[in-house]
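Since the structure comes first, as structure tokens, the remarks are kept for the end.
A note on names: the letters A, B, ... follow the listed sequences, proteins ahead of strands, and every chain is numbered from 1. Note that this is a predicted model, so its numbers are computed, not measured.
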Amino acid sequence: MKDSKDIVKELIQWYKENARDLPWRRTKNPYHIWLSEIMLQQTRVEAVKPYFQRFLQTCPTIEALANTEEDTLLKLWEGLGYYSRVRNLQKAAKTVVDEYGGALPQDYHALRKLKGIGPYTAGAIASIAFSLPYAAVDGNVLRVMSRLTADERDITLASTKGAWEEELSSMMPTGDEGNFTQGLMELGATVCLPNGNPKCEICPVRKYCQAYRKNAVLQFPVKSPKKERTKEYLSVFFLVHRKKIALQKRDGKGLLSGLWQLPNCNQEKALPVALSEWGILSGNIKDMKAQKHIFTHIEWHMSCYFVEVENENKDFLWLSKETVENEYALPSAFKKIWQEGCSLLED
DNA sequence: AATCCGGGGTC
DNA sequence: GACCCAGGATT
């Protein structure tokens, strides 16, 4: 790549002077780096901050993580999304304990074999924690490099990402591996922003940027459109019996697997039928505010009902507000309904 | 190569 | 509403 040596040098210099002070940048503990990189997958820095510290208080070491109850881990991950991340994290922790004596292997290919560690995360841990010459290519890096070189290749293609992984690994500066990796991502996160507001006027590598030179920054990166979401229509129930609220564990597979939810069914089913199939003697049904929740590939349109029922069935758990909030992982999709239901409970 | 898997910020 | 994101596993 043209001017690559100079670009690397400028970028590292800029990063050293402008790096944000983040909790996981104050440590060289590979486990902490690992945890932060998993939490940061598809997730913004500000969202991760409160979770990172709290998680480490409960799981201060890889061995502690390996031995923590899964429900506890899900509660720690509650609201962060992509819950398979924390299951895979624990699987990997057990592997690290069993096969590596509780310390992460200082080897890219060994890291890559651990559950939940893909090309990006392996590169991030290798370069940041172990000063190994492996690039970490994420969405930020692809955007930065696409603009810097006015690269027309579609960044959603695996081939494009693979090419940048090789190219950037070959550019990796000895002694500044972690700074290079983090500098690229920091530039993407704070300067080379997506959409309409890249801050080219403060960019440390502007003079090398081909897209800037062509006055075409917003034409990069090139990416193919993504598929549209399907809509699902649900009836969701806040069922109450003697101040206890019904909670149901979701299936072990698929969306939000293993988390807890308010009982719900397809909107096509009549409400009294749904309740009777659950063995609930229906009481007074009050309408609650309708809710919409958007996932990556699904939209939930929820009609919501507050129902004071006459009996507790055995398919659900009937729990107090406090118990649920302290111990059960409830996905964000249900949070607003939960809040409204609890306030109705007060009356 | 396509699909599945959360959630929140921004314009 | 549209777009984006510090991705990886599964098929």
Side-chain angles (χ1 to χ4, degrees), chain A residues 15 19-20 22-25 33-52 74 77-89 91-92 111-125 127-128 135-144 146 154-162 165 178 181-190 192-198 218 221 223-232 250-259 261 291-300 329-336:
Chain A
Y15 177 71
R20 289 170 292 175
L22 304 175
W24 43 91
R25 286 182 177 164
I33 306 288
W34 174 26
L35 175 64
S36 74
E37 292 300 342
I38 299 297
M39 286 186 164
L40 286 162
Q41 287 170 6
Q42 301 296 105
T43 310
R44 289 187 158 71
V45 164
E46 290 308 315
V48 168
K49 277 182 180 174
Y51 287 87
F52 178 74
L74 286 171
W77 213 266
E78 178 186 41
L80 205 50
Y82 287 134
Y83 299 92
S84 64
R85 288 185 292 177
V86 73
R87 298 183 209 276
N88 288 335
L89 185 66
K91 279 182 199 154
L111 289 169
R112 212 26 213 87
K113 288 179 185 159
L114 296 169
K115 275 292 182 195
I117 298 187
Y120 163 77
T121 308
I125 297 171
S127 60
I128 298 169
V137 176
D138 67 346
N140 277 324
V141 174
L142 286 170
R143 183 175 59 257
V144 168
S146 161
D154 182 344
I155 63 164
T156 66
L157 296 178
S159 56
T160 306
K161 183 162 174 272
E165 281 163 1
T181 288
Q182 298 195 78
L184 276 172
M185 295 193 288
E186 189 79 349
L187 191 69
T190 64
C192 196
L193 297 168
N195 296 327
N197 53 348
L218 296 185
K223 55 197 306 185
S224 56
K226 46 180 97 169
K227 191 184 125 181
E228 63 180 271
R229 286 184 290 267
T230 59
K231 296 177 171 62
E232 292 183 3
R250 288 182 65 83
D251 193 82
K253 295 189 174 188
L255 185 66
L256 304 171
S257 57
L259 277 77
Q261 67 176 359
Q291 302 289 347
K292 182 171 74 169
H293 188 82
I294 299 175
F295 301 98
T296 306
H297 58 298
I298 302 172
E299 265 183 49
W300 276 0
L330 194 70
S332 295
F334 298 101
K335 283 294 184 188
K336 287 182 182 171

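- Taking only side-chain nitrogens and oxygens, A/K292 comes nearer than 4.0 Å to OP1 or OP2 of C/dG1.
- With hydrogens and angles disregarded, a donor-acceptor distance shorter than 3.5 Å links the side chain of A/R85 to the backbone of A/L80.
- Between A/K227 and B/dC4 there is a side-chain polar atom (N or O) within less than 4.0 angstrom of OP1 or OP2.
- Summarising the geometry, the separation between CD on A/E46 and P on B/dG6 is reported as 23 Å, rounded to the nearest angstrom.
- Residue A/G188 is out of contact with every strand shown, counting any heavy-atom pair closer than 4.0 Å.
- Applying the 4.0 Å criterion to OP1 and OP2 of B/dG6, one finds that A/H293 has every side-chain N and O outside that range.
- The distance from atom CZ of A/R87 to atom P of B/dG6 is 9 Å, rounded to the nearest whole Å.
- Checked by atom type and distance alone, the side chain of A/Q291 never pairs as donor or acceptor with a backbone atom of A/F334 at under 3.5 Å.
- Two residues, A/L255 and A/L157, neighbour DNA chain B, and the one matched to the more 5' nucleotide by heavy-atom proximity is A/L157.
- Note: NZ (A/K335) to C1' (B/dG8) measures 15 Å, nearest angstrom.
- Regarding A/F334, its CZ atom lies at a distance of 9 Å from the P atom of B/dG7, rounded to whole Å.
- In this structure, A/I294 atom CD1 and C/dG1 atom P are separated by 7 Å, rounded to whole Å.
- Comparing C/dG8 with B/dG9, their P atoms sit 23 Å apart, to the nearest whole Å.
- With both ends at atom P, the span from B/dC4 to C/dA6 equals 23 Å, rounded to whole Å.
- The aromatic ring centroids of A/W300 and A/F295 lie less than 6.0 Å from each other.
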Check nucleotides 7-11 of chain C for protein N or O atoms closer than 3.5 Å to its own N or O atoms and list the pairs.
residue: C/dG7; atom: OP2; partner: A/Q42; partner atom: N; Å: 2.2
residue: C/dG7; atom: OP2; partner: A/Q42; partner atom: OE1; Å: 2.8
residue: C/dG7; atom: O5'; partner: A/Q42; partner atom: N; Å: 3.2
residue: C/dG7; atom: O5'; partner: A/Q42; partner atom: OE1; Å: 3.4
residue: C/dG8; atom: OP1; partner: A/G118; partner atom: N; Å: 2.9
residue: C/dG8; atom: OP1; partner: A/G118; partner atom: O; Å: 3.4
residue: C/dG8; atom: OP1; partner: A/T121; partner atom: N; Å: 2.9
residue: C/dG8; atom: OP1; partner: A/T121; partner atom: OG1; Å: 2.6
residue: C/dG8; atom: OP2; partner: A/Y120; partner atom: N; Å: 3.2
residue: C/dA9; atom: OP1; partner: A/G116; partner atom: N; Å: 2.7
residue: C/dT10; atom: OP2; partner: A/K115; partner atom: NZ; Å: 3.4

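- Listed by chain and residue number, A/T156, A/L157, A/K223, A/S224 satisfy the side-chain contact (heavy atoms from CB on, under 4.5 Å) test with A/D154 (two or more places apart in sequence, or in another chain).
- The CH2-P distance, from A/W77 to B/dG7, rounds to 13 Å in whole Å.
- Counting non-hydrogen atoms under 4.0 angstrom, A/A189 reaches a base of the nucleic acid.
- Applying the salt bridge (Lys or Arg N to Asp or Glu O under 4.0 Å) rule to pairs touching residues 33-51 of chain A yields A/E46-A/K49, sequence neighbours excluded.
- Nucleic acid contact for A/R20: base, since at least one base atom lies under 4.0 Å from a heavy atom of the residue.
- For A/K335, the salt bridge (Lys or Arg N to Asp or Glu O under 4.0 Å) criterion is met by A/E78, not counting sequence neighbours.
- Within the 3.5 Å criterion, the main-chain N or O of A/Q41 finds a donor-acceptor partner in the side chain of A/T43.
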Using nucleotides 9-11 of chain B, report all nitrogen or oxygen pairs with the protein that are shorter than 3.5 Å.
residue: B/dC11; atom: OP1; partner: A/N197; partner atom: ND2; Å: 3.4

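- Remark: the separation of the P atoms in C/dT11 and B/dG6 is 15 Å, to the nearest Å.
- Nearest heavy-atom pair, A/L111 versus A/A122, reported as atom, atom and distance to 0.1 Å: CD1-O, 4.0 Å.
- Note: NZ (A/K226) to P (B/dA1) measures 18 Å, nearest angstrom.
- For A/H297, no side-chain nitrogen or oxygen approaches OP1 or OP2 of B/dT3 to under 4.0 Å.
- For the pair A/G81 and A/S159, nearest-nucleotide mapping onto DNA chain B gives the more 5' position to A/S159.
- With rounding to whole Å, A/K336 atom NZ is found 11 Å from B/dG8 atom C1'.
- A/L22 comes within 4.0 angstrom of a nucleotide base, judged by non-hydrogen atoms across all strands.
- Side-chain atoms of A/R250 never come within 3.5 Å of backbone atoms of A/Q261 as a donor-acceptor pair (strictly under, hydrogens ignored).
- Residue A/V48 is classed as having no contact, given no heavy-atom separation below 4.0 Å to the nucleic acid.
- Of the possible donor and acceptor atoms, one in the side chain of A/S36 sits under 3.5 Å from a partner among the backbone N and O of A/I33.
- Taking only side-chain atoms of A/R25, from C-beta outward, the nucleotide of B/dG6, C/dA6, B/dA1 with the closest atom is C/dA6.
- Contact annotation: A/K49 side-chain N/O to B/dG8 OP1/OP2 distance is not under 4.0 Å.
- For the salt bridge (Lys or Arg N to Asp or Glu O under 4.0 Å) test, residues two or more places apart in sequence or in another chain that qualify with A/K161 are A/E165.
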